[in-house]
Peer 1: 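A single structure is presented below for examination.
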Number of protein chains: 2
Amino acid sequence: MENKTLSQIEETFILHWGQMGVQWGINRTVAQVHALLYLSEEALNAEQICEILNVARSNVSTSLKELQGWGIVKKVARMGDKRDHFESLHDVWELARIILNERKKREIDPTREVLQQLASAAESDADTSADTAKRLKEMANFLDVSTTWFDRMNRMPPAALKAFIKLGGPGKSP
Amino acid sequence: MENKTLSQIEETFILHWGQMGVQWGINRTVAQVHALLYLSEEALNAEQICEILNVARSNVSTSLKELQGWGIVKKVARMGDKRDHFESLHDVWELARIILNERKKREIDPTREVLQQLASAAESDADTSADTAKRLKEMANFLDVSTTWFDRMNRMPPAALKAFIKLGGPGKSP
DNA sequence: CGGTAATTTCTGTATATTCAGAAATATGGA
DNA sequence: TCCATATTTCTGAATATACAGAAATTACCG
């Protein structure tokens, strides 16, 4: 089991991706593991990932679990090897679609529900000003409209979505 | 200077917004200050914000500065009052547009540049596999296409954007 | 110009989060 | 069943974040 080393370029990408992740509220190691698997042509096992990234085995385990939970990394079996191997989705469009959708499901949707409840409760709440009630309603409505739009985009076949974005949506500007 | 207290509903919203912020890599206090100002009909001064949110004065100062840097909170002067007062943009669409655009400018654009450099360097780098080079290029290209699309959306007049989203973009599904 | 109040920046400390390694558990084959 | 290896859970240490108060700066008014 030889230690496959990274080129300077690969290393830079992985480190940058990790930084990026942190800014978006994603654990650095999770982002790095993902970056590594994204670049890697063949599936890697947990041990290899530790060695390449120089992070603790436990972190890799947790990160892989997280990435699998998002559906962007999958286990693959290898003949004659008991250990699990992991590979990432390699289609960037599909990756983006899944990541955005997962974050929406986990973070936006619950917020939307809370806001809807608050907005409707605020209407008849003596302690809450009509003005606050209005703003809550506007925010709730905004989330509603924009998530509905997102869902629609999300349901498009990948190729169609890609074409739509490339075309520029509403009609291209000069 | 009396301590304006929050209704239960307002408090819940502000706390939730703070949580939400953290998940997206935004300082909790920053998000809470924003939530408070978003709800508030009249502009508040820093002192009031401290009292209402129970956070340190210095944190409020830093948070306000940050929010002003994003362009979603503005100072307003009040007759006969030396202290600065602050108010948030109240148009949710405009808010979303500005926030997304700022994050793009600060986080995506630099990443895109790095990736473009890495991708082109990878092509002629002996240490980097052709496969890696391909993936870097795909990622760089994806960021390019999607940010170009975003910029185009962003340049639409607010009303047109709103209408476009509400309509459903690519054509509505059954 | 001075004095006063508001505001921001700085600094040490407290708190919370994240991490790596160790120990415990689970899994698969002989 | 036993052994080897993979995986997860636990725990102290490292790191990052939030805080309060002090010091410095700025703005305002007489």
Side-chain angles (χ1 to χ4, degrees), chain A residues 1-3 14-15 17-37 43-70 73-87 107, chain B residues 1-3 14-15 17-37 43-70 73-87 107:
Chain A
M1 178 173 310
E2 267 323 298
N3 201 340
I14 291 168
L15 293 177
W17 209 244
Q19 294 277 100
M20 186 76 186
V22 172
Q23 287 191 297
W24 290 85
I26 289 161
N27 181 289
R28 197 179 70 238
T29 306
V30 171
Q32 287 185 355
V33 169
H34 170 250
L36 172 60
L37 292 176
L44 303 174
N45 63 48
E47 197 60 38
Q48 292 174 302
I49 297 173
C50 298
E51 281 174 16
I52 297 173
L53 297 182
N54 272 303
V55 296
R57 182 70 186 69
S58 51
N59 265 2
V60 172
S61 174
T62 307
S63 299
L64 287 170
K65 204 171 163 185
E66 178 99 10
L67 289 168
Q68 286 173 272
W70 289 14
V73 161
K74 299 219 186 305
K75 276 186 192 167
V76 295
R78 285 196 161 185
M79 290 306 275
D81 194 335
K82 271 185 284 199
R83 293 169 299 183
D84 290 335
H85 286 66
F86 301 88
E87 69 179 11
E107 293 149 19
Chain B
M1 179 173 308
E2 267 322 300
N3 200 339
I14 291 169
L15 293 177
W17 210 244
Q19 295 277 102
M20 187 77 185
V22 173
Q23 286 191 296
W24 290 85
I26 290 160
N27 180 289
R28 195 181 69 239
T29 306
V30 171
Q32 286 184 357
V33 169
H34 170 251
L36 173 60
L37 291 177
L44 302 175
N45 63 48
E47 198 60 38
Q48 292 175 301
I49 297 173
C50 297
E51 280 173 15
I52 297 174
L53 296 182
N54 272 302
V55 296
R57 182 70 186 70
S58 50
N59 263 3
V60 170
S61 175
T62 306
S63 299
L64 287 170
K65 204 169 163 187
E66 176 100 10
L67 289 167
Q68 289 176 87
W70 288 14
V73 161
K74 300 217 185 308
K75 276 187 192 166
V76 295
R78 284 197 161 184
M79 290 307 274
D81 194 335
K82 272 186 284 199
R83 293 169 299 184
D84 290 336
H85 286 65
F86 301 87
E87 69 179 12
E107 294 150 19

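Each chain gets a letter, A, B and so on, in the order its sequence line appears, and its residues count up from 1.
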Peer 1: Between the side chain of B:E51 and the main-chain N/O of B:Q48, is any donor-acceptor distance below 3.5 Å?
Peer 2: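 Between the backbone of B:Q48 and the side chain of B:E51 there is no qualifying donor-acceptor contact (under 3.5 Å).
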Peer 1: Choosing from D:dA6, C:dT7, D:dT9, which nucleotide comes nearest the side chain of A:R83?
Peer 2: D:dA6
Peer 1: Distance check needed: C:dG28 C1' versus A:N45 CG, whole Å only.
Peer 2: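 From A:N45 CG to C:dG28 C1': 16 Å.
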Peer 1: For A:R28 and for A:R57, locate the closest nucleotide of DNA chain D by heavy-atom distance; then report the residue assigned to the nucleotide nearer the 5' terminus.
Peer 2: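 Its nearest nucleotide being more 5', the pick is A:R57.
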Peer 1: With heavy-atom distances below 4.5 Å as the criterion, would you say the side chains of A:L37 and A:I49 are in contact?
Peer 2: yes
Peer 1: Counting side-chain heavy atoms from C-beta on, which of C:dC19, D:dA20, C:dT8 comes nearest to B:S61?
Peer 2: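 Closest of the options to the side chain of B:S61: C:dT8.
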Peer 1: From C-beta outward on A:K65, which listed nucleotide comes closest to its side chain: C:dC19, D:dA20, D:dT8?
Peer 2: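 Nucleotide nearest to A:K65's side chain: D:dT8.
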Peer 1: Does any non-hydrogen side-chain atom of A:F86 lie less than 4.5 Å from one of A:K75?
Peer 2: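 Yes; the side chains approach each other to less than 4.5 Å.
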Peer 1: Between P on D:dT8 and CG on A:L64, what's the gap in Å once rounded to a whole number?
Peer 2: 9 Å
Peer 1: Ignoring hydrogens and geometry, is there a side-chain-to-backbone donor-acceptor pair from A:S61 to A:R57 under 3.5 Å?
Peer 2: no
Peer 1: Looking at side-chain heavy atoms only, is the closest gap between A:L44 and A:L36 below 4.5 Å?
Peer 2: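 Of all side-chain heavy-atom pairs linking A:L36 with A:L44, at least one is under 4.5 Å.
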Peer 1: Could you tell me how far apart B:Q19 (CD) and C:dA16 (C1') are, to the nearest whole angstrom?
Peer 2: 13 Å
Peer 1: Keeping the roles fixed (side chain from B:Q68, backbone from B:L64), state whether a donor-acceptor pair exists under 3.5 Å.
Peer 2: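 Indeed, once roles are kept as given, a pair shorter than 3.5 Å links the two residues.
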Peer 1: Quick check on D:dA18: is either OP1 or OP2 less than 4.0 Å from any side-chain nitrogen or oxygen of B:N27?
Peer 2: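 Indeed, a polar side-chain atom of B:N27 lies that close.
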Peer 1: Please tabulate the protein-to-nucleotide N/O contacts below 3.5 Å involving nucleotides 22-30 of chain D, giving atom names and distances.
Peer 2:
none

Peer 1: Rounded to the nearest angstrom, tell me the gap between atom CD in B:Q32 and atom C1' in D:dA18.
Peer 2: 12 Å
Peer 1: Could you state the atom-to-atom distance from CD of A:E66 to P of D:dT7 in whole Å?
Peer 2: 17 Å
